[in-house]
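All residue numbers refer to positions in the sequence shown, counting from 1. Order of appearance sets the numbers: ligands from 1, and atoms from 1 within every ligand. The analysis underlying the following values was restricted to heavy atoms, covering all of them including side chains, and did not include hydrogens, waters or symmetry mates.
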Amino acid sequence: MQIHLFDTSQQVGQAAAMLIAAQILQKPDSVLGLATGSTPIPTYQELIRLNRDGVVDFSRVTSFNLDEYCGLPVEHECSYHSFMHEQLFSHINIDLAHTHVPDGNAVDQQAECARYDMAINQAGGIDVQILGIGRNGHIGFNEPSDTFVYGCHIVNLTQSTIAANRRFFESEDAVPRQAISLGIGSIMNARQIILLATGSDKADAIHRAIRQDITPRTQASILRTHPNVLFLLDKAAAGLL
Ligand code: F6R
């Protein structure tokens with residue numbers, strides 16, 4: 001486990017983007033695991049700039065997103081499909097056919113979970129997985145629990161996550177109550193994991209993930225057992241370490 005500290009969230013984004021760019025330069029057909037939320041936005045902005053400047057070419061890259069809300073139309077402005085399109089995919093030369101976000105509207109949810117894990121395996125597995133962290137220590141939508149769930153699964157969102165994500169929706173009632181998420185096993189299978197955390201509201205989750213027990217009550221704590229994990233933190237998120 002390596003921890004890198006930066007003064008600002010902008011610098012965290014630049015560092016993450018440089019690592020992703022280096023990965024793609026080394027392996028142009030890399031498979032990236034991507035996250036949504038506020039945290040990776042500076043990373044995506046920097047990747048867009050690097051792509052525009054001809055430094056990094058996404059034409060052979062494949063991506064798999066971590067998660068999607070259940071029951072939200074794909075075209076809804078708060079869906080993770082829309083987020084990825086607006087924040088990254090429509091600004092870079094990635095082939096949209098090579099981008100993947102789980103289907104939160106699948107009629108057979110279990111079949112969709114199995115299909116998504118299979119698609120990652122068939123693509124050769126994830127080379128670099130980008131993660132944010134929830135205030136409750138979740139990664140993907142793996143909420144605090146008594147167990148770590150291995151594969152892609154359907155999750156009931158906790159009140160803490162619903163409250164945190166309410167800022168994107170008209171009201172708290174409009175926040176979906178369920179999501180489809182990669183499991184902890186699918187995340188841990190990535191060859192490299194880069195967790196980004198910025199802001200003082202992540203300081204407690206980061207402290208629990210890095211300094212306290214490895215427990216499914218803080219799902220991110222399992223990352224410490226991964227052989228190639230980087231935590232990129234700004235000073236505020238690292239404030240309790
Ligand atoms: C998003 C995801 C979540 C977020 C986490 C932090 O795809 O899987 O785990 O990374 O909720 O969200 P932000 O960055 O908005 O604080």
Original post:
With a 4.5 Å limit on heavy-atom distance, are the side chains of Val61 and Leu32 in contact?
Top reply: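 A side-chain contact under 4.5 Å exists here.
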Original post:
His100 pairs by ring pair (Phe, Tyr, Trp, His ring centres under 6.0 Å) with which of Phe89, Tyr80, Tyr116, Phe64?
Top reply: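 Per the ring pair (Phe, Tyr, Trp, His ring centres under 6.0 Å) rule, the option paired with His100 is Phe64, out of Phe89, Tyr80, Tyr116, Phe64.
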Original post:
Are there more than 12 heavy atoms of other residues, nucleotides or ligands under 6.0 Å from atom CD of Glu170?
Top reply: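 Atom CD in Glu170 is not crowded, with 12 or fewer foreign heavy atoms closer than 6.0 Å.
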Original post:
In this structure, are over 12 heavy atoms from other groups packed under 6.0 Å from Met118 atom CE?
Top reply: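 Incorrect, the count does not exceed 12.
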Original post:
Can you name the residues that come within less than 4.0 Å of ligand 1, going by heavy atoms only?
Top reply: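 For ligand 1, the contacting residues are Ala35, Thr36, Gly37, Ser38, Thr39, Leu66, Asp67, Gly132, Ile133, Gly134, His138, Gly140, Arg167, Lys202.
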Subject >> Pair Ser59-Asp57, side-chain donor/acceptor within less than 3.5 Å >> reply: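 Asp57 and Ser59 do have a side-chain donor-acceptor pair below 3.5 Å.
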Original post:
Closest heavy-atom contact between Cys152 and Cys113?
Top reply: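 Closest approach of Cys152 to Cys113, heavy atoms only: O-CB, 3.3 Å.
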